[in-house]
Every structure is written in C-alpha cells, then in structure tokens.
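Working notes, structure below.
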There are 2 protein chains.
Amino acid sequence: MAIDSSQAAGFTRRATRRLQTIEEALDHAVAIMEADGVGALSMSEIARRLGIRQPSLYKYFPSLHAVYDALFARGLALMEAAVMATVTPLPAGVARIRAGAKAWIRCAVDNPALAQLLVWRPVPGFQPTGETFAGSTRQMDQLRTEFAAAVDRGELNPEGGTPEALRLYTMVLSGVISQQMANQPGAAFDTGLFTRLIDDALDMFFARYSVPQGGSDAKPRP
Amino acid sequence: MAIDSSQAAGFTRRATRRLQTIEEALDHAVAIMEADGVGALSMSEIARRLGIRQPSLYKYFPSLHAVYDALFARGLALMEAAVMATVTPLPAGVARIRAGAKAWIRCAVDNPALAQLLVWRPVPGFQPTGETFAGSTRQMDQLRTEFAAAVDRGELNPEGGTPEALRLYTMVLSGVISQQMANQPGAAFDTGLFTRLIDDALDMFFARYSVPQGGSDAKPRP
DNA sequence: GTCTATATGTTGATAGAC
DNA sequence: GTCTATCAACATATAGAC
C-alpha cells in the first residue's frame, strides 16, 4: 500500500513536473513570439529563458516543429476554452453564435502570437500534426452544428446552413482579426479600430441569412 | 554633340542595366518567398540565384530590409496596376468598386508572396519606409473617393461614405484573401474555395449600404 | 534530465584588393 | 561592381559523460 502509493505519487509527481516544465517552455515561447515575431522562435532562446542548456530542451521537444505544434494546440485549446466559457450558458441560436465570435476575437487579440499561428501560416514548412489539426476540424464541426441549430430554430434561413455560409462566416472573422493584427497590433479589443466593428461585421453577415420577417402567417411549411 | 550623346547614352545604359539587375534580384526574391515562405528570404539565397557573391548584392541593396521594402513597393504597384487596368474603363459607382475588388483579389492569389507582405506582417522588425508606405495610403485615399462617388450617385446610402464602411470593406477583402492563402494556398482564383465566394462577400457588404429602393417618389432630397 | 563538447550549417554585414 | 576573406552571431541537432 505505502509502496504502491509512493510509487504512484512519485510517478505522477515526476510526470506533473515534466508537464510543468513543458508548459513553462511554451509560456516562454509565446513571450518570444510576441516580442520578436512568430518566426523568431528558436530552441536556443527558449532554453536560455528556461535556464537550461539548449540540448536539454530536446528532452521535452524532439524538434522546433514539435514546439510549434504544441503551440498550435495550445492556441486551439485557448480559443475553445474562451468560446466555451462564453457560450455554454447560452441557448442555441444566433445570439450564441455571435457571443462566441466575439469571445474568439477577443481571445485572439489578447493572444496575438497564437492567433497568428492559427489564422495565418507564418512559419515556413510547418504544418500542424494530424492529431493537432483534428482539434481544429472538431471546432469547425461544432460551429456547423451551431449554425444548423440556428436554422432549425428559424433564426436563419436555410442558406445559413450551407458550407458556403460557414466559409463566409470564417472569412468575416478572419478579416477582422487579420486587419487588426496587421494594422493596429497591440490595440485592445474594445478600442481596436477593427475589432470595435465586430458587431457591424456580424450584422452584415447575419443580415444575409435573415428569415423574411413575415406577418402573422409568413410562409409556414406544410 | 557626339560626346554628349555618348555620355548620356552611357549613363542611361549603365543605369538601366543596374535597374535590370535590381528587378532580376526581386524576381528571385519573390520566387524564394513563394517556395519557402516569406520569412525564408535571405541575401545569400538571392545572390546565389543571381549568380553573384553575396557581398556584391550590397551594391544594390544596403540591407535585407531594403529588399523587403522594395518588394512591398513592387507588391503595391502590381496590385494598383491590376486594379487600374480593370477599373479605368468603367464609370464610377458600385460596379466599378466591385470590379476593382475582384481584380485585387485575383492579383493577390496570383502573387501570394507579395500579397502576404501587404496584408499580413510576417517579417519581424520590418516596416515599410515612409515613402513606400505613402503609396499604400494613396491607394486608400483613392478607394475613399470611389466610395464617395458611389454615395453621390445614390448607389450607396450615406453611411457608405464613412470610415467605418471603408474599414469594413477592407476587412471583407482581407478575410477572403487570408482564408484562401492560409487554408488553400496555391488554388486558382476561379476554383478557390474562398475566392469563389467573392461575389457573395461583396453582396453581403454592399447590401448593408444599399439605398432604400423606393417607388416613384422615394425620399428625394429637397 | 542535465551537462559539456562538438559537428555543421546558416545568416548579415564589412574591409579591402582589383 | 565584382571578388576574396573574414567576423561575429546565430541556429538545429547529436554524442556521450555523469
């Protein structure tokens, strides 16, 4: 019992310590990217800030690309968490989609380096692992169901459920964050010249898929 | 006379030869960026492809940043030429703006490296020279006048002339090209999953600023 | 898991001969 | 304008002692 417990505890402690170091390394990586650009990341600099020698870092990451992959995954998780925290208490529908969009944009502005990794492809030769990329696909799937729900509830016309509508939606969000990051980096969400137009952008988008506001009996389906 | 002429000719010949070399260097630079990413550009690689030693390249560009600046300027000029060629024969108005937008997107897709340099900011520490950046500002000014003309002609409501409308417009275009370059690089304009939605995106945008389609007497201004 | 040592490569930029 | 030579950094990654 005592032996098992200490073994288990020892194992988990080592494992958690290792995970802590990994997270710390990623923290530094984010700091480096935000300071000097996404392309300025290097194993040497991470190790330097971590207080270890550069070869030691290879015990945690097999390559620089692996670091980028972990950062991509972290970015995905961060965005998902931000959106979920905002969206979970809300009922399905357009209002929920809108709230999620704003949460996403806000999170992207607050984490510009990770957002660049997600929205742009600034690192030559880097592509997220299949496993990592699956997370991105999963988020897109969930977004699809959100739109389908809004259509079912009659808040969007049937065209709102098409892949084209979804792509148009991602284009709108991508446009907001791209212009904000490129032309006014560092600005806060509430004061950014482009992010402050997010409501207008969403109005513009959803107006395209609004249901005809009929009177008492407006084309009900038999 | 003969002397003056030969001197002048000698001077211009040398000058044009020099300009030719510079243009050739920029051609190689574009090829490098398209092959290995915008951040992969280096003086060494340009010189290698140019068939000269790397220090010799410093006779043409004082630094790598100067090369980026020249590339930024070339990208601006290319886009402007493409838009102008499409737009010049058309009368002012929304149709002309739309045609210009499509020409711009098409040109961006055909020149992804230069487009990335213009739309994103992928090179850490690089900012276009004041002179170069002025070209960008000038193009924005012209866009502003295009919108003002469309408002004057009654094709857009007064809100279409506001800075917010213009920013929303740039966000839409930036969203199209960003999503296309990030998620389906290399696709042609006509078949790209995102670029083929350009008309829908423009519909969505201009619908927001459409004038109320009145009957015979729809709110004429006194 | 950390270190030293090292191999091997790259880069931007300058000095100075021709 | 081209070259050689060189500097000073910087990088990724591996081998192997402890």
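A note on names: the letters A, B, ... follow the listed sequences, proteins ahead of strands, and every chain is numbered from 1.
Going from atom CG of B:Leu64 over to atom C1' of C:dT10 covers 14 Å, rounded to whole Å. Rounded to an integer number of Å, the gap from A:Lys59 NZ to D:dA17 P is 13 Å. In this entry the distance linking OH of A:Tyr60 with P of D:dA13 reads 18 Å, nearest Å. The OH-C1' distance, from B:Tyr58 to C:dG16, rounds to 17 Å in whole Å. Spacing between atom CD of A:Gln54 and atom C1' of C:dG1 amounts to 15 Å, rounded to whole angstrom units. One interatomic measurement links the two molecules: CD1 of A:Ile32 to C1' of D:dC10, which rounds to 14 Å at whole-angstrom precision. B:Gln20 places its CD atom 16 Å from the C1' atom of D:dG1, with the value rounded to the nearest Å. Atom-to-atom, CG of B:Leu57 to P of D:dT2 comes out at 10 Å; the value is rounded to the nearest Å.
Between A:Tyr169 and A:Phe147, the distance from one ring center to the other falls under 6.0 angstrom.
Under the 3.5 Å distance criterion, with hydrogens and angles disregarded, a donor-acceptor pair is assigned to the side chains of B:Thr21 and B:Arg17.
Contact annotation: B:Ser56 reaches the phosphate of D:dC3 (side-chain N/O to OP1 or OP2, under 4.0 Å). Phosphate proximity of D:dA11 to A:Ser42: present, with a side-chain N or O under 4.0 Å from OP1 or OP2. For B:Ser44, a side-chain nitrogen or oxygen approaches OP1 or OP2 of C:dG12 to under 4.0 Å.
Each of A:Arg18 and B:Leu41 lies near DNA chain C, and the nucleotide nearest A:Arg18 is the one positioned closer to the 5' end. Checking A:Ala40 against A:Pro55, the closest nucleotide of DNA chain D that is more toward the 5' end is the one next to A:Ala40.
Atom CD of B:Glu131 sits in a sparse spot, with 12 or fewer heavy atoms from other residues, nucleotides or ligands closer than 6.0 Å.
With a 4.5 Å cut-off on side-chain heavy atoms, A:Phe189 and A:Ile198 count as touching.
C:dT8 and D:dC10 have their P atoms separated by 22 Å, with the value rounded to a whole Å.
Taking the charged nitrogens against the carboxylate oxygens, B:Arg138 and B:Glu80 do have a contact shorter than 4.0 Å, which makes a salt bridge.
The side chain of A:Arg53 approaches C:dT4 more closely than any other nucleotide in the set C:dT4, D:dA13, D:dC3. Side chain of A:Arg48, nearest nucleotide from C:dC3, D:dT12, D:dA11: D:dA11.
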